[in-house]
Amino acid sequence: MIDCVSISTSHLFTGNPIYEQHRLRHDCIVQRQRWKVPTVRNMEYDQYDNPAAWYLVWRDEAGKARGSSRLYPTDRPYMLQEIFPHLVTNTAIPKTTEVWEGSRFCVDEKLPIEKRRRIVQELIIGYLEFGLAQGITRIVGVMYPAYCRNIFMRNGWDVEWLGDVSRSEEGYKIIAGSLTVSRAVLKKVREKTGIYENVLHHGEQTEMRRAA
């Protein structure tokens, strides 16, 4: 299961999933990929880690984050709009409650490859479950082209490119992409991955209310 958590709902969860995803991001983004981004006490963060953000956090039995991603509405300033607008050349930069930005997609590379693959698949299904519940029609973001193929396209979710490939400050190839959110896409991804159960966990009190 994946914790679907925001600052306003973090009290519904055991442990601290938001803290855990900041630690995982530090391991993946700062230590391994050498991104030049803010850190504090072995946590990676930026200006979009605020009350508007939602996090999908895959934690193991010990409560340690092994996979995570962030979702953020585009009706307020967001990363693609403010930092990477030059990547969007095929369309207008979105700014609506129906389009959200996905970012900080991380999976613990120390895990066995089959475990990493399963976490990736659950995270993208989590994107779709969250998007459908929130009335989101698209998820946009800055991606590595290779990650797009291995994370989304390989698992049945087609990516629409919003511009051409560019280079990040660290020298990586990057591109802006858009993912359509629909029940048809969720069905296709479930068939491709073989994961038919719901993957999102919204907190202990929420789950108890649903079961009552």
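If you're wondering where the values come from, they're calculated on a predicted model, not measured in any experiment.
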Is any side-chain heavy atom of Val189 less than 4.5 Å from a side-chain heavy atom of Val185? yes

Measure up the Trp157 and Phe152 rings against each other and bin them: parallel (under 30°), tilted (30 to 60°), perpendicular (over 60°).
-> perpendicular

Any non-hydrogen side-chain atom of Leu132 less than 4.5 Å from a side-chain atom of Leu186? yes

**Q.** Cationic N near anionic O, under 4.0 Å, Arg59 to Asp3
**A.** yes

CG (Leu56) and SG (Cys4) are apart, to the nearest 0.5 Å, by 5.5 Å

Output for pair (Asp46 CG, Ile29 CD1), nearest 0.5 Å, gives 8.5 Å

Item to check | Phe13-His202 aromatic ring centre distance below 6.0 Å | outcome: no

Distance col, row Cys148:SG vs Ile174:CD1, nearest 0.5 angstrom, shows 11.0 Å

Is a donor on one side and an acceptor on the other found under 3.5 Å between the side chain of Ser69 and the backbone of Ser103? yes

CD1 of Ile124 to CD1 of Ile139, rounded to nearest 0.5 Å, is 10.5 Å

Exercise. Is any side-chain heavy atom of Val159 less than 4.5 Å from a side-chain heavy atom of Ser178?
Worked result: no

Please report the C-alpha distance between Trp58 and Ser68 in whole Å, then the side-chain angles of each, then the deciding distance to 0.1 Å, and finally whether the side chain to side chain contact (heavy atoms under 4.5 Å, CB included) criterion is met.
-> CA-CA 6 Å; Trp58 197 104; Ser68 68; over 6 Å; no

- Any side-chain heavy atom of Asn155 within less than 4.5 Å of one from Thr193? yes

Are Val37 and Arg104 close enough, and set up right, to give a side chain to side chain contact (heavy atoms under 4.5 Å, CB included), and what steps lead you there?
-> CA-CA 12 Å; Val37 290; Arg104 296 309 198 255; 3.9 Å; yes

Looking at Glu129 and Leu200, would you say the former's side chain and the latter's main chain have a donor-acceptor pair under 3.5 Å?
yes

**Message:** When you compare the side chain of Phe130 with that of Trp54, does any pair of heavy atoms fall below 4.5 Å?
**Reply:** yes

Checklist line | N/O donor-acceptor pair under 3.5 Å between Arg149 side chain and Met153 backbone | finding: no

Residues Arg32 and Glu109 bridged, charged N to O under 4.0 Å
yes

Short N-O contact, Arg118 and Glu122, less than 4.0 angstrom:
yes

Is Tyr19 reachable from Val107 through a run of hydrophobic residues whose side-chain heavy atoms are each under 4.5 Å from the next?
-> no

- Task: Would you kindly say whether Ser182 and Thr180 are connected by a side-chain donor-acceptor distance under 3.5 Å?
- Result: no

Next item on the list: Take Trp100 and Val140 through the side chain to side chain contact (heavy atoms under 4.5 Å, CB included) test and state the conclusion after the steps.
Entry: CA-CA 6 Å; Trp100 284 47; Val140 298; over 6 Å; no

Looking only at heavy atoms, the pair that brings Pro145 and Val165 closest together is CG-CG2, 4.2 Å

Query raised in the report: Would you call Asp49 and Arg70 a salt bridge, using N to O less than 4.0 angstrom?
Result: yes

Review point. Strictly by modelled atom types, are Gln21 and Arg25 linked by a side-chain donor-acceptor pair under 3.5 Å?
Key: yes

- prompt: Counting only N and O atoms by type, is there a donor-acceptor contact under 3.5 Å from the side chain of Thr74 to the main-chain atoms of Val99?
  reply: yes

Do the side chains of Arg23 and Glu44 get close enough for a salt bridge, i.e. N-O under 4.0 angstrom? no

- Quick check: are there more than 12 heavy atoms from other residues, nucleotides or ligands sitting under 6.0 Å from NZ of Lys192? no

Nearest heavy-atom contact between Gly171 and Arg167 is O-NH1, 2.8 Å

Side chain to side chain, Glu170 and Gln33, heavy atoms closer than 4.5 Å = no

message = Assigning hydrophobic clusters by single linkage (Ile, Leu, Val, Met, Phe, Trp, Tyr; side-chain heavy-atom cutoff under 4.5 Å), is Leu24 placed with Tyr55?
response = no

In short, Pro77 meets Glu82 closest at the heavy-atom pair CB-OE2, 3.3 Å

- Query: Within the distance-only criterion (no hydrogens, no angle test), does the side chain of Arg116 pair as donor or acceptor with the backbone N or O of Leu111 below 3.5 angstrom?
  - Reply: yes

Rounding to 0.5 Å, atoms CG (Asp108) and CZ (Arg66) come to a distance of 5.0 Å

- Query: Is Tyr144 reachable from Tyr127 through a run of I, L, V, M, F, W or Y residues, each pair having side-chain heavy atoms under 4.5 Å apart?
  - Reply: yes

Quick note, ring pair (Phe, Tyr, Trp, His ring centres under 6.0 Å) partners involving residues 70-95, not counting sequence neighbours, are Tyr48-Tyr72

Can you tell me if Thr39 uses its side chain to pair, donor with acceptor, with the backbone of Met43 under 3.5 Å? no

Correct closest heavy-atom pair for Gly163 and Asn90 would be N-ND2, 3.4 Å

Check this for me: does any side-chain nitrogen of one of Lys188 and Asp158 sit under 4.0 Å from a carboxylate oxygen of the other?
yes

Closest non-hydrogen atoms of Pro85 and Ile93, given as atom of the first, atom of the second and distance, are CB-CD1, 3.6 Å

Treating Thr9 as the side-chain partner and Val5 as the backbone partner, does any N or O pair qualify as donor plus acceptor under 3.5 Å?
no

### Hydrophobic cluster membership, Tyr172 vs Leu80, 4.5 Å side-chain cutoff
yes

(Q) Would you say CG of Asp164 has more than 12 non-hydrogen atoms from neighbouring residues, nucleotides or ligands within 6.0 angstrom? (A) no

A side-chain contact here means heavy atoms from C-beta on lying under 4.5 Å apart; do Glu98 and Ile136 qualify? no

>> When you measure from the side chain of Glu101 to the backbone of Leu71, do you find a donor-acceptor pair of N or O atoms at a distance under 3.5 Å?
In response: no

When every non-hydrogen atom of Glu20 is compared with those of Ala65, the smallest separation belongs to OE1-N, 3.3 Å

Measure from the side-chain N and O atoms of Arg190 to the backbone N and O of Ile195, and report whether any donor-acceptor pair falls under 3.5 Å.
yes

Q) Are any side-chain N or O atoms of Arg34 and backbone N or O atoms of Gln31, one a donor and one an acceptor, separated by less than 3.5 Å? A) yes

- Is the shortest heavy-atom distance from the side chain of Gln47 to the side chain of Ile83 under 4.5 Å? yes

- Tyr196/Glu191 under side chain to side chain contact (heavy atoms under 4.5 Å, CB included): CA gap, chis, key distance, verdict: CA-CA 8 Å; Tyr196 292 95; Glu191 291 172 348; 3.8 Å; yes

